[in-house]
Asker: 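Please find one structure pasted underneath; my questions will follow.
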Amino acid sequence: MPAVGAVGRVKTAPREPEWFMDSIGVHRPRNVDWRRAAALLYGDWGTSKAYVIGAAFLAATYASLPIILAVCALTGLVGYNYVVVCKQFPDGGGVYSSARLQSRFLAVLGSLLLVADLTVTASLSGWSAMAYFHVPKDHIAAATVGLILFVGAVNYFGPKHTGSVAVWLALPAAVVVVAIILMSLPHLTLDYIQPSHKSFAKNWTAFVGVILALSGVEAIANLTGVMKLDPGTSLDSPMVGQTARKAILTVAVEVVLGTAMLGWAMLSLPPDVELRLLDRWDDMLTVLAEQYGALTFTPALGRLFGLGTAVIVGLLLLSAVNTAVGALIGLLYLLARDGEMPRPFARLNSHGVPWVPLFIATLLPTVVVAFSPDQISLMELYAIGVVGAITVNLGSCAFNKNLKLLWYERAFMTVTFAILFAVEMTLAKTKPNALYFIVCILIAGFALRALAQRHAGLRTITVSREVAAAVAPESIPDFRVNLNPGQSILVAARGITPVLRFALEEARLRKVTLYVLFVKELAVALPGPLDSSERTRWQEDPQAATIMYAMLEQGRQNDVQVIPLYAISENPASSILDLSATLGIDILMLGSPHRNKLVSLLKGNVVTEVARSLPENIQLVIHG
């Protein structure tokens with residue numbers, strides 16, 4: 001019997017469900033507003049203050065103000081460019097999506113650079129968190145390894161319950177930053193600031209060494225597929241430019257101004273505390289809180305304010321570790337689903353988390369921390385990955401003539417691409433450890449890609465442009481299921497339960513179409529949309545296949561049109577609601593394996609959420 005098109009639903013960068021477009025036109029729910037998107041971005045950019053100003057002071061002491069201002073300017077410039085990227089890619093505009101329009105090789109290259117970035121982000125955030133928690137320096141590495149292993153163990157069950165921690169911690173972190181700045185205002189001075197190096201090469205090298213706060217924009221670009229639409233637009237022609245602009249520019253302004261003011265506050269402390277600043281550069285926000293708290297109130301209150309600052313910033317950094325690990329799992333899963341990594345990478349555990357990506361996402365940061373003697377060595381590894389990924393993204397957009405960019409948008413993007421390319425080349429030249437690290441990631445990644453393509457029976461050949469256009473996926477007609485105009489029933493089941501028989505009986509009596517939905521729960525943060533001709537089908541899922549084949553056969557015997565639907569979702573209730581509304585069904589049926597379990601079923605989240613949110617024009621039948 002011919003297979004019916006499958007529906008897939010997965011998680012994105014951070015924590016909201018996504019629907020893949022399929023043959024029956026199902027869209028992802030767009031329920032992430034600009035405030036939530038801004039909070040998620042702040043989880044990365046906001047933590048940058050925790051070590052950027054300290055790293056700048058370590059590099060140039062009281063001559064570091066120009067370096068801090070330059071990093072702030074670059075952050076603002078990259079933020080503006082990603083506003084443009086998000087406007088061009090309303091269904092996900094991370095480096096994989098934009099670079100794939102140029103070539104699959106370039107998309108994989110950008111993704112592997114992002115793998116390196118996320119690996120070091122998890123390592124660096126964990127190490128910095130331990131520094132803010134005042135773990136003894138001799139034990140920071142071991143504590144960080146333990147933290148990463150714990151985060152990996154938590155992600156075995158999926159990031160559903162930990163994914164929103166950064167959102168709740170963003171506000172207190174911003175309050176702490178504002179409080180430090182307000183207390184420092186009466187004491188700000190330029191008396192202690194020293195002139196920078198006369199050599200441009202030394203200033204440039206110092207600037208390159210403290211670029212530690214850019215990867216969050218990749219997460220925001222990947223979130224566009226679930227952002228709320230701009231007023232006046234629709235799912236058929238989505239636009240999220242206003243939502244993305246509010247989220248990115250709000251955070252960019254806070255980060256740029258906050259980092260600049262905190263840097264000035266740091267340099268307004270007298271030189272007699274220079275040794276203390278150098279010794280505690282890795283928890284500089286705590287030092288500023290203690291110093292200005294003591295100047296504003298009393299030394300005791302200053303120490304108390306410093307303790308509170310350390311806890312809040314440390315917790316935000318811990319959340320950043322979890323976010324990076326989850327994003328790394330999702331990125332590897334995306335590559336596997338798209339055929340760029342071995343297919344076993346896409347196998348899920350009982351909680352919907354990919355086994356192999358979970359292991360890799362936990363192992364890589366652990367290995368990096370184990371071989372890093374201090375936080376400075378981790379900082380040297382950080383920028384080469386994130387700068388490379390953003391460079392590939394902006395370059396792919398700037399030189400893509402099919403994107404409808406305004407002339408000044410393309411000009412700004414080209415200039416930013418050139419600056420970041422120069423930064424990337426400088427990092428490769430001046431930081432051999434970073435170059436070695438990224439080369440290892442690229443070699444391992446492309447070796448796995450070659451292995452995946454070989455096992456899939458793919459070969460690389462050179463053909464003419466005409467032949468390539470003739471066999472391109474977009475040249476294949478868009479097949480759609482022709483649905484009957486009469487009534488329809490949707491039944492959702494996880495096994496061969498009595499509700500299936502009841503649904504067949506009702507469909508036969510009413511002479512209507514019967515949709516059979518199987519929802520497989522998935523708990524993984526997936527960056528960007530999945531654009532692949534190969535997606536998991538119900539025929540490949542033993543549990544779903546058992547149900548579907550039985551229902552198709554029963555439908556044939558009873559003259560009932562049965563249409564299988566297969567969904568991969570992190571929220572089954574939302575999946576059922578979305579399909580019910582999209583397909584315009586008349587009756588929704590839910591069941592329980594045994595009648596004595598009906599009460600517990602009614603208490604569950606699925607039935608409760610469905611009953612609460614189901615439109616009035618759809619009947620709900622709970623069978624037990």
Side-chain angles (χ1 to χ4, degrees), residues 8-21 26-45 78-101 107 110-111 114 118 163 166-167 214-252 323 326-327 330-331 334 338 386 389-390 392-394 396-398 400 402-406 409 413 524-532 570 578:
R9 181 172 179 176
V10 294
K11 278 182 68 179
T12 66
R15 314 300 186 274
E16 290 297 334
E18 270 192 354
W19 279 94
F20 293 127
M21 283 296 297
V26 178
H27 297 266
R28 296 173 288 180
R30 293 182 173 272
N31 47 17
V32 176
D33 59 14
W34 73 268
R35 295 177 182 84
R36 180 172 174 82
L40 293 169
L41 175 59
Y42 190 79
D44 182 277
W45 273 6
V78 170
Y80 168 76
N81 279 277
Y82 268 78
V83 170
V84 178
V85 171
C86 291
K87 183 175 67 174
Q88 295 295 323
F89 294 92
D91 291 314
V95 61
Y96 185 77
S97 302
S98 60
R100 199 169 181 219
L101 296 178
S111 298
L114 198 57
L118 293 172
V167 177
L214 296 176
S215 62
V217 291
E218 272 293 310
I220 285 297
N222 288 314
L223 270 180
T224 57
V226 291
M227 285 184 181
K228 288 187 175 180
L229 295 175
D230 293 343
T233 62
S234 64
L235 290 174
D236 295 330
S237 300
M239 293 184 65
V240 295
Q242 294 184 24
T243 303
R245 181 172 63 253
K246 288 181 180 178
I248 295 177
L249 294 185
T250 299
V251 178
T323 302
L331 179 59
L334 170 68
D338 214 12
V386 62
I390 295 176
V392 172
N393 195 343
L394 297 185
S396 300
C397 294
N400 188 343
N402 295 323
L403 294 182
K404 297 179 181 179
L405 297 174
L406 300 175
E409 292 176 341
M413 195 170 290
V524 55
L526 179 63
L530 178 63
D531 182 15
S532 173
E570 59 107 7
D578 290 336

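In this chain, numbering begins with 1 at the start of the sequence shown.
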Asker: Looking at every non-hydrogen atom in both residues, tell me the closest pair between Ala221 and Cys86 and how far apart they are.
Answerer: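 That would be CA-SG, 3.8 Å.
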Asker: Which atom names give the shortest non-hydrogen contact between Ser98 and Asn393, and what distance separates them?
Answerer: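 Between these two residues, the closest heavy atoms are OG-OD1, 2.6 Å.
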Asker: Given 3.5 Å as the limit, does a donor-acceptor pair link the side chain of Glu218 with the main chain of Val95, or not?
Answerer: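 It does hold such a pair.
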Asker: How many angstroms lie between NZ in Lys228 and CG in Asp33, if you round to the nearest 0.5 Å?
Answerer: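 Atom-to-atom, Lys228:NZ and Asp33:CG are 5.0 Å apart.
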Asker: Do you know the tightest heavy-atom contact between Pro238 and Leu229?
Answerer: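 Smallest heavy-atom distance, with atoms named: CB-CD2, 3.5 Å.
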Asker: Who are the side-chain contact (heavy atoms from CB on, under 4.5 Å) partners of Ala107, not counting sequence neighbours?
Answerer: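 So Ala107 forms a side-chain contact (heavy atoms from CB on, under 4.5 Å) with Tyr96, Ala99, Arg100.
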Asker: Which heavy atom in Cys397 sits nearest to a heavy atom in Val85, and how many Å separate them?
Answerer: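 Heavy-atom minimum between the residues: SG-CG2, 4.2 Å.
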Asker: Measure the shortest side-chain to side-chain distance between Ile390 and Tyr82 over non-hydrogen atoms and say whether it is less than 4.5 angstrom.
Answerer: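 Counting from C-beta outward, Ile390 and Tyr82 do come under 4.5 Å.
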Asker: Does Gln88 have any side chain to side chain donor-acceptor pair (under 3.5 Å) partners at least two apart in sequence or in another chain, and if so, which?
Answerer: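 Once residues adjacent in sequence are excluded, Gln88 has no partner under the side chain to side chain donor-acceptor pair (under 3.5 Å) criterion.
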Asker: Where the side chain of Thr250 meets the backbone of Lys246, is there a donor-acceptor pair that is under 3.5 Å apart?
Answerer: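 Answer holds: yes.
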Asker: If we only count heavy atoms from C-beta on, is the Phe89 to Leu101 side-chain gap below 4.5 Å?
Answerer: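 With C-beta onward as the side chain, the pair touches.
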Asker: Might you point out which heavy atoms bring Met227 and Ala37 nearest each other, and give the distance in Å?
Answerer: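 Taking Met227 first and Ala37 second, the nearest heavy atoms are CE-CB, 4.1 Å.
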Asker: List the residues meeting side chain to side chain donor-acceptor pair (under 3.5 Å) with Thr243, not counting sequence neighbours, and say none if there are none.
Answerer: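 Checked Thr243 against side chain to side chain donor-acceptor pair (under 3.5 Å); zero matches.
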Asker: Could you pull out the closest heavy-atom pair between Val84 and Met413, with the gap in Å?
Answerer: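 Heavy-atom minimum between the residues: CG1-CE, 3.8 Å.
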Asker: Yes or no on side-chain contact (heavy atoms from CB on, under 4.5 Å) for Gln242 and Trp34, after CA distance, side-chain angles and deciding distance?
Answerer: CA-CA 9 Å; Gln242 294 184 24; Trp34 73 268; over 6 Å; no
